[in-house]
Q: 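Here it is, the structure, as structure tokens.
Chain A is the first sequence line, chain B the second, and so forth, proteins listed ahead of strands; every chain is numbered from 1.
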Amino acid sequence: MKTTTTIDKIAGFVDREVTLSGWLYNKRESKKLQFLQIRDGTGIIQAIVSIKDVDEETWSAGQSLTQESSLYITGTVSKHPKRDEYELQVKSGGINIIQVTEDYPITPKDHGTGYLFEHRHLWLRSQKPWALLRIRSEVIQAIRTFFYEDGYLAFDSPMFTPSAVEGTTTLFNVDYFGETAFLTQSGQLYGEAGAMAHRKIVVFGPTFRAEKSKTRRHLTEFWMIEPEVAFFDLEDNFELMERMTMYVIEWVLDKCRKELEILERDTSLLEKIKLPFIRMHYDDAVKELNELRKKAGINEEFEWGGDLGSPDETMLTEAHENPIFLHHFPREIKAFYMAPDPDDERVSLSVDMLAPEGYGEIIGGGQRADDEKYVIEQIKKHDLPQEAFEWFLDLRRYGTNPHGGFGLGLERLVAWLAGVQSIRGCIPFPRTIEKVYP
RNA sequence: UCCGCGCUAGCUCAAUGGUAGAGCAAACGGCUGUUAACCGUUAGGUUCUUGGUUCAAAUCCGAGGCGCGGAGCCA
């Protein structure tokens, strides 16, 4: 009776004969021994073919294997003599080849990122992308679990929208039966409608932005988690963000040890993060930034009223171990739906969460403007077509209340937790400006 | 939209106006319980395209294409 299993479950089969199915990841061979590294999607195991243990046919089958050849392989599971891992001792007839692969484009040696993304469909099989996308999957699971257990309703917003959420320059147009529709930039406005029906909702889906950004922090298609809650102020928002972030950090540290190791992530930096996160008023950020700029030898002053550039965020987050809530941004630099601060006309009840180690903004959120007149005024100020927002204004006409939420960029969160430079590897097939293949 | 860098063997790169080369991959051989194994041999080129300067261009200049990084904007 043949026992089949997968590499992730191999520890339960020591001294037993099992059959694995997978691909050859790498090979080392000599006159008497072949070391076959077999990958099956769940992990990698080393199979040993010894010339004294197998017949000629099995030996030459092992010899013929090339990188990414697909096969069934049967052998006895044993402990590695030197390492803390398992291996497979192959016997006669233990190698059953499905296909000998020729000229696999990705070798175990160096490649440039341009080349690798051209071959993204194959590069996914390599160790680091494999680990990174497993972390993404765990982060998604952690976030869904967190909100589910906290009583949030999963609320899906539409992908086709009649209007811009934050300005019209960065929208993708779609021909919608002769009319122009847009791909959504954010599910937030619809999330607000959901919050008025269910109190606590969370939107999770892809969003599209035609920003011509060519940086390692931008994609034209990315996934956002957007909770929205009725009767919810800025302080409630801080508390939700930090609780959720801590939950995800702990989940990933608990479930992704192996993946973090493959990515050579220094996990001590994540382990240092403690509640509460840093609360920093925009006014104080301006002061701190100017001190940091002075220290860095930058003579130019950061002036009150401006938005922080990426270098500013980097400087600020590198100076702290914990994430930073940067709050009360000037009204002028925030979206039309942001609530004004009743105690300080200049600023809004807005917050960005900046991740440490220079990762910068991964969350943007705040309290929403709940006064109909103010929202109309802001729509006009931002040159947006009011008729497209009539339904949104209804939310202010019928039972308005202080409410709020935030938008979390999934890929940016994953990049930070995994400690990778670019967010492009944090999604299976990244979409960037002028890059939609494969 | 703007700024910077790059494009040479299948891949990663070198050659600083004068005979295009190395490592890896491939093929063949050797050696080893090997870990991106190692050693030897062989093969591998329209130097992104295009126009120009020059006795001579991978190299200098112009135009274009593509890629990467960044600014702005944002998650």
Q: Quiz question: by atom type and distance under 3.5 Å, do the side chains of A:Gln89 and A:Ser78 form a donor-acceptor pair?
A: yes
Q: Under 6.0 Å from the ring centre and within 45 degrees of the ring axis: does the NZ or CZ of A:Arg293 meet both conditions for the six-membered ring of A:Phe302?
A: no
Q: How many Å lie between CZ on A:Phe325 and P on B:A75, as a whole number?
A: 16 Å
Q: Not counting sequence neighbours, which residues clear salt bridge (charged side-chain N to carboxylate O under 4.0 Å, His left out) with A:Glu301? List them please.
A: none
Q: Please classify the nucleic acid contact of A:Gln67 as base, sugar-phosphate, or nothing, using heavy-atom distances under 4.0 Å.
A: nothing
Q: Is there a donor on the side chain of A:Arg424 or the base of B:C68 sitting less than 3.5 Å from an acceptor on the other?
A: no
Q: For B:G23 and B:C55, measure between their P atoms and round to the nearest Å.
A: 38 Å
Q: For A:Lys381, check side-chain contact (heavy atoms from CB on, under 4.5 Å) against everything at least two apart and list the hits.
A: A:Arg331, A:Glu332, A:Gln378
Q: Please list residues of residues 127-139 of chain A whose heavy atoms come under 4.0 Å from any atom in RNA chain B, ordered by number; otherwise none.
A: none
Q: Excluding sequence neighbours, so at least two apart, what forms salt bridge (charged side-chain N to carboxylate O under 4.0 Å, His left out) with A:Asp307?
A: none
Q: Is a donor-acceptor contact shorter than 3.5 angstrom present between the side chain of A:Gln46 and the base of B:U34?
A: yes
Q: Between B:A75, B:G33, B:A71, which nucleotide has the shortest distance from any of its atoms to the side chain of A:Thr215?
A: B:A71
Q: Write down the distance separating the C1' atoms in B:C39 and B:G52, rounded off to the nearest Å.
A: 49 Å
Q: Write down the distance between CD (A:Glu264) and P (B:A36), rounded to a whole number of angstrom.
A: 11 Å
Q: At a heavy-atom distance below 4.0 Å, what parts of residues 302-321 of chain A sit against RNA chain B?
A: A:Asp307, A:Gly309, A:Ser310, A:Pro311
Q: How many whole angstroms separate atom NE2 of A:His218 from atom C1' of B:C74?
A: 5 Å
Q: I'd like to know if A:Glu87 reaches the base of B:G33 with its side chain such that a donor and an acceptor end up less than 3.5 angstrom apart.
A: yes
Q: Picking from B:C31, B:U35, B:A75, which would you name as closest to the side chain of A:Lys31?
A: B:C31
Q: If you measure from the Lys or Arg side-chain nitrogens to the Asp or Glu carboxylate oxygens, is any gap between A:Glu411 and A:Arg136 under 4.0 Å?
A: yes
Q: For A:Glu361 and B:A71, what is the distance between atoms CD and P respectively, to the nearest whole Å?
A: 13 Å
Q: What is the nucleic acid contact for A:Glu221, judged by heavy atoms within less than 4.0 Å: base, sugar-phosphate only, or nothing?
A: nothing
Q: Taking 4.0 Å as the cut-off, does a side-chain nitrogen or oxygen of A:Lys82 come that near to OP1 or OP2 on B:U34?
A: yes
Q: Who are the ring-ring contact (aromatic ring centres under 6.0 Å, His included) partners of A:Phe155, not counting sequence neighbours?
A: none
Q: Could you pull out all residues at least two apart from A:Asp103 that satisfy side chain to side chain donor-acceptor pair (under 3.5 Å)?
A: none
Q: Please work out the stems of RNA chain B from pairs that are Watson-Crick or G-U wobble with both distances under 3.5 Å, keeping only runs of three or more consecutive pairs.
A: B:1-7 with B:65-71, B:10-13 with B:21-24, B:26-30 with B:38-42, B:48-52 with B:60-64
Q: Looking for any heavy atom pair under 4.0 Å, which part of the strands does A:Leu219 touch: base, sugar-phosphate only, or nothing?
A: base
Q: Using a 4.0 Å heavy-atom cut-off, does A:Lys214 contact any base of the nucleic acid, only the sugar-phosphate backbone, or nothing at all?
A: base
Q: Taking the six-membered ring of A:Trp251 as reference, does the cationic atom of A:Lys255 (NZ for Lys, CZ for Arg) lie under 6.0 Å from its centre and within 45° of its axis?
A: yes
Q: With C1' as the reference atom in both, quote the distance from B:U19 to B:A63 in angstrom, rounded to an integer.
A: 31 Å
Q: If we take the C1' atom in both B:A27 and B:A20, what is their distance in whole Å?
A: 24 Å
Q: Mind checking what makes ring-ring contact (aromatic ring centres under 6.0 Å, His included) contact with A:Phe406, not counting sequence neighbours?
A: none
Q: Scan A:Gln67, A:Gln37, A:Arg39 and name whichever one has a side chain to side chain contact (heavy atoms under 4.5 Å, CB included) with A:Asn26.
A: A:Gln37
Q: Would you please name every residue forming a ring-ring contact (aromatic ring centres under 6.0 Å, His included) with A:Trp223, sequence neighbours left out?
A: A:Phe204
Q: Say we look at B:C7 and B:U46: how far apart would their C1' atoms be, to the nearest angstrom?
A: 15 Å
Q: By the 4.0 Å heavy-atom rule, please label A:Phe35 as base, sugar-phosphate, or nothing.
A: base
Q: Mind checking the P distance from B:G65 to B:A25? Whole angstroms is fine.
A: 38 Å
Q: Measure distances between side-chain N and O atoms of A:His111 and base N and O atoms of B:C11, and say whether any donor-acceptor pair falls under 3.5 Å.
A: no
Q: Round to a whole Å and report the spacing from CG of A:Leu33 to P of B:G30.
A: 16 Å
Q: Would a line drawn from the ring center of A:Phe429 to the ring center of A:His121 be shorter than 6.0 Å?
A: no
Q: If you pin A:Leu410 and A:Glu85 to their nearest nucleotides in RNA chain B, which one's is more 5'?
A: A:Glu85
Q: For the pair made of CD in A:Gln421 and C1' in B:G70, what is the distance, rounded to whole Å?
A: 13 Å
Q: If the C1' atom of B:U53 is compared with that of B:G62, how far apart are they to the nearest Å?
A: 11 Å
Q: At 4.0 Å (heavy atoms only), tell me whether A:Ile362 reaches a base, stays on the sugar-phosphate, or touches nothing.
A: sugar-phosphate
Q: State which residues pass ring-ring contact (aromatic ring centres under 6.0 Å, His included) with A:Tyr437; sequence neighbours excluded, sorted by chain then number.
A: none
Q: What residue pairs, at least two apart or across chains, pass ring pair (Phe, Tyr, Trp, His ring centres under 6.0 Å) with a residue in residues 85-113 of chain A?
A: A:His111-A:Tyr115
Q: Give the nucleotide from the list B:C11, B:C31, B:U34 with an atom nearest to the side chain of A:Tyr115.
A: B:C11
Q: Rounded to whole Å, please give me the gap between CD in A:Gln34 and C1' in B:U35.
A: 16 Å
Q: Could you give the distance separating B:A37 and B:G30 at their C1' atoms, to the nearest angstrom?
A: 14 Å
Q: Could you tell me whether the phosphate oxygens of B:A37, OP1 or OP2, come under 4.0 Å of any side-chain nitrogen or oxygen in A:Arg28?
A: yes
Q: Atom CZ of A:Arg217 and atom C1' of B:C68: how far apart are they, to the nearest Å?
A: 18 Å
Q: Have a look at A:Asn26 and say if it touches a base, only the backbone sugar-phosphate, or nothing, with a 4.0 Å heavy-atom cut-off.
A: sugar-phosphate
